[in-house]
Q: 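First the structure, then my questions, so here it is.
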Amino acid sequence: MLEELKQLVYEANLDLPRYGLVTFTWGNVSAMDRESGLMVIKPSGVEYGKLKPEDMVVVDLNGKKVEGRLNPSSDTPTHIELYKAFTQIGGIVHTHSTYATSWAQAGCDIPCYGTTHADYIYGEVPCVRCLNELEIEECYEENTGHLIVDEFKRRCKDPVEVPAVLCKNHGPFTWGKDAKEAVHNAVVLEEVARMAYLAETINPKIQPAPKELQDKHYFRKHGLNAYYGQKE
């Protein structure tokens, strides 16, 4: 079942240590098959060096395991809530990458200080509040998903334009049209988080890049009249 998608999710998971985004088993990648309504995700707590494509777990959007001998990632309920709410996305990544997680632990948005950030993310990367005691005790992972979705609605953020979020005291999630793009965005997020940290260290009074510059860089790559790159 979904053998091709399992292979893609397996390869995307192996990209996390390759790009230095995870230590030990601190991360996961999933992908959604919209036609069947099923999701493929990394099994919980399995070392990346021991993973095989057939280890990937298939679950439905109710959280029921449909296929797989191993338990799915403990973050599965968060992925599910994001897929249900953000219907444009097809892949999700969660890591504890150093710089993005440091911003999350500090409870701070990542401002857009330059064009590297603006090329990929429209505006600041939001950091959501910490879950309260009841939310943690009841359905921690599911409520994490609800919290992200609610924050995007509250801030009127488009999950396509802002394919990343920080969960306070926890870490980052990124997403994209598929698992490969979600990993790409996780790499970008870690790099802009590092740049933002260094920029604030160099100049504690730094201000976000002018909106007109942010707009130019984002929309020349993603807008209706985008001209960055080559035409397919």
Q: Anything under 30° is parallel, anything over 60° is perpendicular, the rest tilted; go ahead and classify His184 against Tyr120.
A: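 Tilted.
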
Q: If you compare all heavy atoms of Ile110 against all heavy atoms of Val192, which two are closest, and at what distance to 0.1 Å?
A: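 Answer, listing the atom of Ile110 first, then Val192: CG2-O, 4.3 Å.
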
Q: Check whether any side-chain N or O of Tyr140 sits under 3.5 Å from a backbone N or O of Leu131 as a donor-acceptor pair, and report yes or no.
A: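 No; zero donor-acceptor contacts below 3.5 Å.
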
Q: What are the two closest non-hydrogen atoms of Cys127 and Glu151, and how far apart are they?
A: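 Heavy atoms of Cys127 and Glu151 come nearest at O-OE2, 4.3 Å.
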
Q: If you apply the rule salt bridge (Lys or Arg N to Asp or Glu O under 4.0 Å), what do you find for Lys153 with Asp150, and how did you get there?
A: CA-CA 5 Å; Lys153 289 179 180 178; Asp150 290 346; 5.0 Å; no

Q: Give the minimum heavy-atom separation between Gln214 and Ala209, together with the two atoms involved.
A: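 Minimum heavy-atom contact is NE2-O, 2.8 Å.
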
Q: Determine whether a donor-acceptor pair (N or O, by modelled atom type, separation under 3.5 Å) exists between the side chain of Lys65 and the backbone of Leu70.
A: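 Looks like yes, one N/O pair under 3.5 Å.
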
Q: To the nearest 0.5 Å, how far apart are NZ in Lys168 and CG in Asp109?
A: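 The distance works out to 11.0 Å.
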
Q: Which distance, rounded to the nearest 0.5 Å, do you find between the NZ of Lys157 and the CD1 of Ile148?
A: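 Result: 14.5 Å between the selected atoms.
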
Q: For Arg69, is there an ion pair with Asp55 - N to carboxylate O distance below 4.0 angstrom?
A: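 Arg69 and Asp55: salt-bridged.
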
Q: Stepwise, does the side chain to side chain contact (heavy atoms under 4.5 Å, CB included) test hold for Ile89 with Arg34?
A: CA-CA 10 Å; Ile89 69 174; Arg34 293 289 179 183; 4.2 Å; yes

Q: State whether the number of non-hydrogen atoms from other residues, nucleotides or ligands found under 6.0 Å of Lys177 atom NZ is greater than 12.
A: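 Not buried by this count: 12 neighbours or fewer within 6.0 Å.
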
Q: Just checking Tyr48: does its OH atom have more than 12 heavy atoms from other residues, nucleotides or ligands closer to it than 6.0 angstrom?
A: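 Result for OH/Tyr48: enclosed.
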
Q: Which Ile, Leu, Val, Met, Phe, Trp or Tyr residues join Trp26 in one cluster when any pair of side-chain heavy atoms under 4.5 Å counts as a link?
A: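 For the cluster that includes Trp26, the remaining residues are Phe24.
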
Q: Can you see whether Glu11 engages Gln7 through a side-chain donor-acceptor pair at a distance of less than 3.5 angstrom?
A: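 There is such a pair (donor and acceptor under 3.5 Å, judged by atom type) between the side chains of Glu11 and Gln7.
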
Q: Measure from the side-chain N and O atoms of Asn132 to the backbone N and O of Glu135, and report whether any donor-acceptor pair falls under 3.5 Å.
A: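 Answer holds: yes.
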
Q: Looking only at side chains, do Ser73 and Asn28 share a donor and an acceptor under 3.5 Å apart?
A: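 Looking only at side-chain atoms, Asn28 and Ser73 do form a donor-acceptor pair, the distance falling under 3.5 Å.
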
Q: Got a donor-acceptor contact below 3.5 angstrom from the His117 side chain to the Val188 backbone?
A: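 Checked: no pair found.
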
Q: For Lys216, does the NZ atom sit with more than 12 other heavy atoms under 6.0 Å from it, leaving out its own atoms?
A: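 12 or below, so no.
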
Q: Without swapping roles, check the side chain of Thr25 against the backbone of Glu47 for a donor-acceptor pair under 3.5 Å.
A: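 Here the side-chain-to-backbone pair does not exist.
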
Q: Is there side-chain contact between Pro126 and Val165, with at least one heavy-atom pair below 4.5 Å?
A: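 Yes, side chains in contact.
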
Q: Side chain of Arg18, backbone of Ala12: donor and acceptor closer than 3.5 Å?
A: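 Flag not set: sc Arg18 to bb Ala12 has no pair under 3.5 Å.
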
Q: Are Val183 and Lys180 close enough that some pair of their side-chain heavy atoms sits under 4.5 Å apart?
A: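 Counting from C-beta outward, Val183 and Lys180 never come under 4.5 Å.
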
Q: Roughly how far apart are Thr76 OG1 and His94 NE2, rounded to 0.5 Å?
A: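 Those atoms lie 11.5 Å apart.
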
Q: Counting only N and O atoms by type, is there a donor-acceptor contact under 3.5 Å from the side chain of Asn62 to the main-chain atoms of Lys64?
A: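 Pair absent, no side-chain N/O of Asn62 close to backbone of Lys64.
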
Q: What I'd like to find out is whether the side chain of Met39 reaches to under 4.5 Å of the side chain of Ile92, using heavy atoms alone.
A: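 No, too far: nothing below the 4.5 Å cut-off.
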
Q: Where is the tightest heavy-atom contact between Lys211 and Tyr122, given as atom of each residue plus distance?
A: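 The pair with the smallest heavy-atom distance is NZ-OH, 3.4 Å.
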
Q: Within the structure provided, determine whether Ile121 and Pro163 are in side-chain contact (heavy-atom separation under 4.5 Å).
A: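 They are in side-chain contact.
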
Q: Indicate yes or no for a side-chain donor-acceptor contact from Asn185 to the backbone of Trp175 under 3.5 Å, with no hydrogens or angles considered.
A: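 A pair under 3.5 Å: yes.
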
Q: Keeping the roles fixed (side chain from Glu141, backbone from Asp75), state whether a donor-acceptor pair exists under 3.5 Å.
A: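 Flag not set: sc Glu141 to bb Asp75 has no pair under 3.5 Å.
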
Q: Do you know which two heavy atoms are closest between Gly176 and Glu181, and how far apart they sit?
A: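 Taking Gly176 first and Glu181 second, the nearest heavy atoms are CA-OE1, 3.3 Å.
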
Q: If the plane angle is over 60° it's perpendicular, under 30° parallel, otherwise tilted; pick one for Phe173 and His170.
A: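 Perpendicular: the ring planes of Phe173 and His170 meet at over 60°.
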
Q: Under a 4.0 Å threshold between the charged nitrogen and the carboxylate oxygen, would Lys6 count as salt-bridged to Glu67?
A: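 Looking at Lys6 together with Glu67, the answer is yes, because their closest N to O distance falls below 4.0 Å.
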
Q: Do Thr174 side-chain atoms and Ala182 backbone N/O form a donor-acceptor pair below 3.5 Å?
A: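 A pair under 3.5 Å: yes.
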
